[in-house]
Amino acid sequence: MNVTRGFAGRSRARHPGLPPGQYDAGADWPVLSAEVTPDLTPEEWTFRVDGLVAEERTWTWAEARALPGSVYEGDIHCVTSWSKFGVRFGGVSLDVFLDAVRPDPAATHAVAYAHTGYTSSLPLADLRGGRAWIAFTYDGAPLAPEHGGPARLLVPHLYFWKSAKWIAGIRLLDHDEPGFWEQNGYHARGNPWEEQRYSGD
Ligand SMILES: Nc1nc2c(c(=O)[nH]1)N[C@H]1C(S)=C(S)[C@@H](COP(=O)(O)O)O[C@H]1N2
Ligand SMILES: [Mo]
């Protein structure tokens with residue numbers, strides 16, 4: 001049938017939102033975890049911002065959920081080469097948390113750390129400007145445990161390994177302190193549009 005063939009042809013066309021070296025995972029959402037999914041309830045979950053800040057602070061689930069929310073609608077890109085289009089996460093902008101702790105002007109980098117011990121590192125500027133979230137929902141439903149629920153970091157303009165699942169906190173530093181994958185040769189920033197997969201890219 002012509003209609004079917006035309007449709008299949010169109011779906012094979014390269015999506016203009018696809019960064020170099022990536023493929024469209026379609027409806028799939030692969031789970032990539034270095035650790036076993038933790039048994040972490042919202043009541044147990046906390047989120048802390050510490051390091052080079054005027055006032056370190058920890059939020060409980062209820063406190064974090066009471067902050068003004070915002071939504072990310074767009075794409076995500078894993079360094080293993082899948083991208084997923086048109087995802088919708090709900091959460092709180094990192095700007096809200098960072099403004100509350102008043103970062104020291106000397107802070108240039110951040111380490112995100114999970115309740116499981118996973119870490120990722122990135123420039124502080126990438127957590128600013130409405131481009132990073134603590135995400136609680138996906139498609140309007142609670143974030144599934146295997147995808148980082150009850151809450152994960154979301155920095156969708158960088159490769160997805162930066163977006164630590166089961167997020168516990170962000171530490172601000174005046175230098176780059178490589179996280180789990182960065183210690184294993186992955187890039188300090190990880191911009192998919194520049195294919196910053198490995199250190200040196
Ligand atoms: N705590 C934790 N966060 C993590 C990871 C992980 O192994 N542990 N993997 C990272 C990688 S490599 C990717 S691609 C995404 C995968 O998220 P997903 O499993 O929801 O697709 O989470 C990132 N955050
Ligand atoms: Mo990944």
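We count ligands from 1, going down the list as the structure has it; atoms in each ligand are counted the same way. Keep in mind that what you see is a predicted model, and the values were worked out from it rather than measured. Residues: numbered from 1 along the sequence shown.
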How far is atom 13 (C) of ligand 1 from the closest protein heavy atom, and which atom is that? F160 O, 3.7 Å
Near W29 (heavy-atom distance under 4.0 Å), the atoms of ligand 1 are 18 (P), 20 (O), 21 (O)
Side chains of S70 and W133, donor plus acceptor under 3.5 Å: yes
Nearest protein heavy-atom contact for atom 20 (O) of ligand 1: which residue, which atom, what distance? H147 ND1, 2.6 Å
What's the shortest heavy-atom distance between A132 and D126, and which atoms? CB-O, 4.0 Å
Return the set of residues passing ring-ring contact (aromatic ring centres under 6.0 Å, His included) with W166 (not counting sequence neighbours), or none when no residue passes. none
Just jot down the ligand 1 atoms closer than 4.0 angstrom to any heavy atom of P30, in number order. 18 (P), 19 (O), 21 (O)
How far is atom 14 (S) of ligand 1 from the closest protein heavy atom, and which atom is that? C78 SG, 3.3 Å
Enumerated ligand 1 atoms positioned under 4.0 Å from heavy atoms of S33: 6 (C), 7 (O)
Looking at ligand 1, does any of its N/O atoms fall within less than 3.5 Å of an N/O of A114? no
Between R152 and A135 (side chain of the first, backbone of the second, donor and acceptor by atom type, cut-off under 3.5 Å), is there such a pair? no
Of the choices R152, E146, K165, which has the non-hydrogen atom that lies closest to atom 19 (O) of ligand 1? K165
As an exercise, identify every atom of ligand 1 less than 4.0 angstrom from a heavy atom of V31. 19 (O)
Protein heavy atom at shortest distance from atom 9 (N) of ligand 1: L32 O, 3.1 Å
Separation between CG of L124 and CG of D174, rounded to the nearest 0.5 Å: 11.5 Å
Suppose we screen for ring-ring contact (aromatic ring centres under 6.0 Å, His included). Which residues come up paired with F85, at least two apart in sequence or across chains? H15
Can you tell me which residue and heavy atom of the protein come closest to atom 24 (N) of ligand 1, and the distance to 0.1 Å? S163 O, 3.0 Å
Got a donor-acceptor contact below 3.5 angstrom from the H115 side chain to the T46 backbone? yes
At under 4.0 Å between heavy atoms, is it the side chain or the backbone of W82 that contacts ligand 1, or both, or neither? side chain
Would you say the ring centers of W181 and Y159 fall short of 6.0 Å from each other? no
Give me the ring orientation class for W161 and Y186: parallel if the planes are under 30° apart, tilted from 30 to 60°, perpendicular past 60°. perpendicular
List ligand 1 atoms under 4.0 Å from A34, heavy atoms only on the residue side. 6 (C), 7 (O)
Strictly distance-based, threshold 3.5 Å: is any side-chain N or O of E56 a donor or acceptor partner for the main-chain N or O of G51? yes
At under 4.0 Å between heavy atoms, which part of S120 makes contact with ligand 1: side chain, backbone, both or neither? neither
Where does the angle between the aromatic ring planes of F160 and W29 fall among parallel (under 30°), tilted (30 to 60°) and perpendicular (over 60°)? tilted
Per-residue contact class, Y118 against ligand 1 - non-hydrogen pairs under 4.0 Å: side chain
Geometry only, no angles: is W166 polar-contacting ligand 1 at N/O separations under 3.5 Å? no
Which part of Y159 is near ligand 1, with near meaning a heavy atom under 4.0 Å away: side chain, backbone, both or neither? neither
Which atoms from ligand 1 have a heavy atom of A164 less than 4.0 Å away? 3 (N), 24 (N)
For atom 11 (C) of ligand 1, which protein heavy atom lies nearest, and how many Å away is it? W161 CA, 3.5 Å
Write out the residue and atom name of the closest protein heavy atom to atom 8 (N) of ligand 1, then the distance separating them to 0.1 Å. E35 OE1, 2.8 Å
Check this for me: N184, atom CG, are more than 12 non-hydrogen atoms of other residues, nucleotides or ligands nearer than 6.0 Å? yes
contact_flag G148 ligand 1 heavy-atom lt 4.0 Å: no
Are any side-chain N or O atoms of K165 and backbone N or O atoms of G149, one a donor and one an acceptor, separated by less than 3.5 Å? no
